[in-house]
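In this text, all values refer to a predicted model and were calculated from it rather than measured experimentally.
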Amino acid sequence: MAGQSAFDKQQLQEISPEGSVGLLEHLNLPPAVIRYVKKNKKNLQIGAIVAGVIVLCLTMYSSYRTNRIEKASAALAVAMQATGGERHKGLVAVTTDFSGTPSAIWADAEIAHDLIAEGKFKEAAEQYGALRKKTSRSTPLYVLLSFGLAQACEASGDLEAAALEYKALQKIAGYEGEGFSGLARIYESQGKGKEALAVYEEYLASFTGQDQNNPVRIVLDEKVARLKATL
């Protein structure tokens with residue numbers, strides 16, 4: 001007679017979950033944990049499936065996002081190399097086709113720069129202002145947009161708005177010079193010599209120690225002397 005199979009019904013009944021040592025026991029988990037897992041086995045399985053689906057979706061989105069950013073960057077590079085109408089068309093395509101990417105934001109900024117170059121200062125100011133509202137203050141682009149906005153406002157004749165922007169630039173590291181010079185220039189254009197002189201002198205006061213021989217300081221000294229001679 002053939003030997004009894006390990007898979008006979010009787011054998012399977014003897015090797016029951018209640019009478020055997022399962023995987024959870026082999027993992028040396030606390031009894032309370034083992035009981036909880038067995039009691040909530042179905043819910044835990046569903047949770048694991050949901051978590052797996054979420055991870056998969058996030059991975060796929062990350063891959064899609066990375067690919068989109070790379071395509072946007074390539075499209076921006078092509079647009080930047082073009083000239084005239086093709087350049088504008090390419091920049092607009094980047095902002096439209098790749099909205100929300102860093103390249104799209106830079107494309108918008110380049111459109112504003114081009115408007116200034118074309119003498120469309122009011123439109124440029126509107127473009128800079130709208131784009132800055134969508135840009136975080138912590139990014140370098142925010143400061144560049146603020147400087148562009150100040151120049152566009154000044155060029156368009158909106159001196160009050162330009163003055164406010166230049167005053168804000170005075171407080172930003174690396175743009176203090178543009179802020180002081182821009183504000184003083186506005187005062188001079190308005191015939192406010194005393195106010196312009198005060199701004200130049202305030203800027204001069206920031207040069208100390210080794211900055212005494214800074215070429216910028218030398219230019220400022222000349223402007224201060226010129227203004228004093230006219231007052």
Side-chain angles (χ1 to χ4, degrees), residues 76 79-80 82-85 87-96 99-100 102-207 216-217 219-231:
L76 177 62
M80 293 285 286
T83 57
R87 171 184 166 85
H88 180 73
K89 182 179 179 181
L91 291 173
V92 171
V94 173
T95 64
T96 302
S99 176
S103 294
I105 296 175
W106 278 106
D108 267 329
E110 287 297 327
I111 291 175
H113 298 338
D114 291 347
L115 288 172
I116 284 186
E118 295 169 7
K120 300 177 181 179
F121 306 120
K122 186 176 181 179
E123 292 179 38
E126 293 174 352
Q127 177 84 356
Y128 281 124
L131 183 55
R132 190 175 66 170
K133 290 180 180 179
K134 301 185 291 184
T135 305
S136 171
R137 287 177 175 270
S138 62
T139 65
L141 180 59
Y142 186 90
V143 183
L144 292 174
L145 294 173
S146 296
F147 182 42
L149 178 57
Q151 291 182 309
C153 288
E154 181 182 0
S156 69
D158 190 353
L159 301 183
E160 184 177 349
L164 291 174
E165 293 300 331
Y166 283 127
K167 287 179 181 179
L169 287 171
Q170 292 174 10
K171 303 175 183 179
I172 301 176
Y175 284 83
E176 303 94 337
E178 284 77 6
F180 281 107
S181 298
L183 182 60
R185 186 171 58 250
I186 288 176
Y187 284 148
E188 284 194 79
S189 70
Q190 295 174 322
K192 300 178 180 179
K194 291 183 179 180
E195 288 84 347
L197 178 60
V199 173
Y200 282 132
E201 289 181 332
E202 182 181 355
Y203 188 23
L204 270 174
S206 66
F207 290 85
V216 176
R217 179 184 171 83
V219 173
L220 287 172
D221 281 328
E222 294 175 352
K223 289 182 177 181
V224 168
R226 173 177 56 79
L227 278 173
K228 285 184 176 180
T230 61
L231 295 177

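- Closest non-hydrogen pair, F207 versus R217, comes out as CB-NH1, 3.7 Å.
- Under the 4.5 Å side-chain criterion, counting only non-hydrogen atoms from C-beta, L227 is in contact with E188.
- Within the 4.5 Å cutoff, no side-chain heavy atoms of I105 are placed close to those of P102.
- Shortest non-hydrogen contact noted between L76 and V94 is N-CG2, 3.8 Å.
- For the side-chain hydrogen bond (donor to acceptor under 3.5 Å, both in side chains) test with Y128, the passing option among Q151, K133, H113 is H113; the others fail.
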**OP:** Go through the steps to decide whether Q170 and Y175 satisfy the test side chain to side chain contact (heavy atoms under 4.5 Å, CB included), and finish with yes or no.
**Re:** CA-CA 6 Å; Q170 292 174 10; Y175 284 83; over 6 Å; no
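- L115 is listed as a side-chain neighbour of E118, based on a closest heavy-atom distance under 4.5 Å.
- No donor-acceptor distance shorter than 3.5 angstrom exists from the side chain of T96 to the backbone of A93, with no hydrogens or angles considered.
- Between Y200 and A184, the shortest heavy-atom distance links the atoms CZ-CB, 3.4 Å.
- Side-chain atoms of E176 come within 3.5 Å of backbone N or O of G174 as a donor-acceptor pair.
- A79 and R87 get closest at one heavy-atom pair: O-CG, 3.6 Å.
- Between Y203 and F180, the ring planes are parallel. Angles under 30° get that label, and only those over 60° would be called perpendicular.
- A pairwise comparison of heavy atoms in S156 and C153 identifies OG-O, 2.9 Å as the closest pair.
- Using modelled atom types, no side-chain atom of E201 and backbone atom of V224 make a donor-acceptor pair closer than 3.5 Å.
- Closest approach of L159 to S189, counting heavy atoms only: CD1-OG, 4.0 Å.
- Atom-to-atom distance recorded for L145:CG and E165:CD is 10.5 Å, nearest 0.5 angstrom.
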